[in-house]
Amino acid sequence: MDAAVATATVGGDMRKAPSHASIAEQDAFDDLSRLLDKPRLNIERQRSFDDRSMSEFSIGGNIKVGMDGYDAVYSPGIISGLDTPLSSARNSFEPHPMIGEAWEALRRSLVFFRGQPVGTIAAYDHASEEVLNYDQVFVRDFVPSALAFLMNGEHEIVKNFLLRTLLLQGWEKKVDRFKLGEGVMPASFKVLHDPNRGIDTVVADFGESAIGRVAPVDSGFWWIILLRAYTKSTGDITLAESAQCQKGMRLILSLCLSEGFDTFPTLLCADGCCMIDRRMGVYGYPIEIQALFFMALRCALSLLKHDAEGKEVIERIVTRLHALSYHMRTYFWLDFQQLNDIYRFKTEEYSHTAVNKFNVIPDSIPDWVFDFMPSRGGYFIGNVSPARMDFRWFAMGNCVAILCSLATPEQSTAIMDLLEERWEELIGETPMKICYPAIESHEWRIVTGCDPKNTRWSYHNGGSWPVLLWLLTAACIKVGRPQIARRAMDLAESRLLKDGWPEYYDGKLGRYVGKQARKFQTWSIAGYLVAKMLLEDPSHLGMISLEEDKLMKPLIKRSSSWTC
């Protein structure tokens, strides 16, 4: 980020600050931290939002909802030493030898600001000639690290991270003289140490330094999801209820809930705005962003206070959740029957009686889908927009859909069935494929812009990413199929440590360490630890899982709109 002046907002005080952390800005951070030093615990038994229906929220009337309960998952524990992770100490069996190595590697990646840990760098690969931005703290990358620390009873680093990124959100954000939305969270930040002056400064990237110059849409969603995870883990509602966090959530949501020309409840996004941070043909309404959007809305609903400002946002959230769940469950879902229905679509249908509402031409269905789709199983496809359906499987979007209950219980089971039926294609020898299938040849040239990093079965174009192991494990446990996660864990434990915790693997089966993969990739390490701790103690799932809204309107079949 250049030295242009940025606006820092702390405690309601608006002042000009350079685009790195000043002493005054840090003092404000310290003041906020001191206010929150004594957590107010709320562990009395009460029904959580997770166990209630959105129909209890009366739009336009009295909205009755409180913070969701913490009794099921509140277990602060004792912070363990480097060699005795808390999760392993709780169990009587001998921990896997990889666990100690993983914790040691994770702690080496810690980043400190004025002596306090505020995150973890993306990769600790000294063998790599190019550092690029792998020495920065990425919001999305830090999430599995944060969950690992929370599950191990180490809450302070997560709190510091949440506060630090919240302050960065308050900066004025410009890319080539164009001002970004006020609520945009940074993609990443870097701490610079000046030993001569004894000053630490922070440089943040909101997209102006990113490859492709794309601002992150997912950072704000992950921030809200992590705030809820912190609150559920610690029982400390003070942080979430602070004026700064409440304002931060409202700013993020104001970007997503604004009304415009779009006729869909989904969120319109550019290529490269999420984990798939290069051009991969996900422009439009990518499943990953829609699932994270849904999850963030539900998390915010349980965290927002019911003052005048919060009540207005809550009403908009409830309305959007109902529309979004219907849209996603109806139009993004694909199973054998749905594929057969699309195959028989008529086109150029007009009026509300249209069955083919997006005017998808059946001839546009790729041949691979017919062989890939088993008679048992299903998944949320990658994208739906006018005259276009992206039938690719994307792992993160489907796993998050299960965790936040965007997927119905039946759909969640079908996703697990698909994983079992198509194990080699989606899991292979290293869990798990970020998307399937890879795009190649002429299509690759058009869709990726001839991106040399995204060649077929590499990086985001069908590569295998170990970090996805934690999402897969969490989803499997929620659906009651932990055996799938254990099978994937066995594969991961046979490779990750031996290969130096790589960022990703290449090849149809994920057999080869990625051609440009960094070693000691932090979220590969943290993803393994989180998955391991979830399998050892499934109660951790409460941090990152939302139960189904039992009174949500039932799924309406596409054919119900047909009239003769």
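Each residue takes its place number in the sequence, starting with 1. For clarity, every value in this text was computed on a predicted model and none was experimentally measured. Worth knowing before you read on, the calculation uses all heavy atoms, side chains too, and leaves out hydrogens, waters and symmetry mates.
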Q: State whether a side-chain donor-acceptor pair under 3.5 Å links E503 with Y134.
A: yes

Q | K247, R250, R316 screened by salt bridge (charged side-chain N to carboxylate O under 4.0 Å, His left out) with E309, the one that passes | A | R250

Q) Can you tell me how far CG of D218 sits from SG of C274, rounded to the nearest 0.5 angstrom? A) 6.0 Å

Q) Any donor-acceptor pair under 3.5 Å linking the side chain of E288 with the backbone of G397? A) no

Q) Should the pair D200-R114 be classified as a salt bridge under the 4.0 Å nitrogen-to-oxygen rule? A) no

**Q.** Spacing of H322 atom NE2 and I317 atom CD1 [to the nearest 0.5 Å]
**A.** 12.5 Å

Q) Do Y230 and K159 have side-chain atoms, one donor and one acceptor, less than 3.5 Å apart? A) no

**Q.** Within-4.5 Å side-chain heavy-atom neighbours: L529 and K532
**A.** no

Q. Would F113 and F189 count as a close aromatic pair, with their ring centres under 6.0 Å?
A. no

Q: First locate atom CZ of F394, then atom OH of Y379, and finally report the distance between them rounded to the nearest 0.5 Å.
A: 10.0 Å

Q | Side-chain touch L546/L403, heavy atoms, less than 4.5 angstrom | A | no

Q.
Are the side chains of C256 and F221 in contact, using a 4.5 Å heavy-atom criterion?
A. yes

Q.
Tell me whether E241 is salt-bridged to K305, with the criterion being a basic N under 4.0 Å from an acidic carboxylate O.
A. no

**Q.** Residue pair V137 / K190, side-chain heavy-atom distance below 4.5 Å
**A.** no

Q | Within-4.5 Å side-chain heavy-atom neighbours: F294 and S325 | A | yes

(Q) Applying salt bridge (Lys or Arg N to Asp or Glu O under 4.0 Å) to R107 and E154, what does each step give before you reach the verdict? (A) CA-CA 12 Å; R107 295 186 195 284; E154 301 177 64; 2.9 Å; yes

Q. For the side chain of D205 and the backbone of E208, is there at least one donor-acceptor N/O pair under 3.5 Å apart?
A. yes

Q) Parallel, tilted or perpendicular: which fits the ring planes of W333 and F380, with parallel below 30° and perpendicular above 60°? A) perpendicular

Q.
Using a 3.5 Å distance criterion without hydrogens, assess whether the side chain of D271 forms a donor-acceptor pair with backbone atoms of V282.
A. yes

Q: Would you check if the side chain of S545 reaches a backbone N or O of L541 as a donor-acceptor pair within less than 3.5 Å?
A: no

Q) Would you say N133's side chain and Q136's backbone share a donor-acceptor pair under 3.5 angstrom? A) no

Q) What distance separates S524 OG from R518 CZ, expressed to the nearest 0.5 Å? A) 12.5 Å

Q) Do the non-hydrogen side-chain atoms of W470 and C399 ever get within less than 4.5 Å of each other? A) no

Q: Drop me the distance from Q411's CD to L406's CG, to the nearest 0.5 angstrom.
A: 7.5 Å

Q | Of T266, D390, D262, the residue whose pairing with Y285 passes side chain to side chain donor-acceptor pair (under 3.5 Å) | A | D262

(Q) Between R298 and C404 (side chain of the first, backbone of the second, donor and acceptor by atom type, cut-off under 3.5 Å), is there such a pair? (A) yes

Q | Close side-chain approach of F149 to L106, heavy-atom, < 4.5 Å | A | yes

(Q) Closer than 3.5 angstrom, by distance alone: can the side chain of R278 be matched with the main-chain N or O of H460 as a donor-acceptor pair? (A) no

Q: If the plane angle is over 60° it's perpendicular, under 30° parallel, otherwise tilted; pick one for F332 and H327.
A: tilted

Q: Measure the shortest side-chain to side-chain distance between L168 and M185 over non-hydrogen atoms and say whether it is less than 4.5 angstrom.
A: no

Q) Should we say atom CD1 of I211 is surrounded by more than 12 heavy atoms from elsewhere, each under 6.0 Å from it? A) no

Q.
Once rounded to the nearest 0.5 Å, what's the spacing between atom CG of L226 and atom CZ of R228?
A. 11.5 Å

Q. Distance-only, no hydrogens or angles: does the T473 side chain make a donor-acceptor pair with backbone N or O of A531 under 3.5 Å?
A. no

Q: Please confirm whether the backbone N or O of L162 pairs with a side-chain atom of W223, one donor and one acceptor, at under 3.5 Å?
A: yes

Q: Please find out if less than 6.0 Å separates the ring center of W465 from that of Y459.
A: yes

Q. Do any N or O atoms from the side chain of K173 and from the backbone of E182 form a donor-acceptor pair under 3.5 angstrom?
A. yes

Q) Take atom CZ in F264; do more than 12 heavy atoms of anything else shown fall under 6.0 Å from it? A) yes

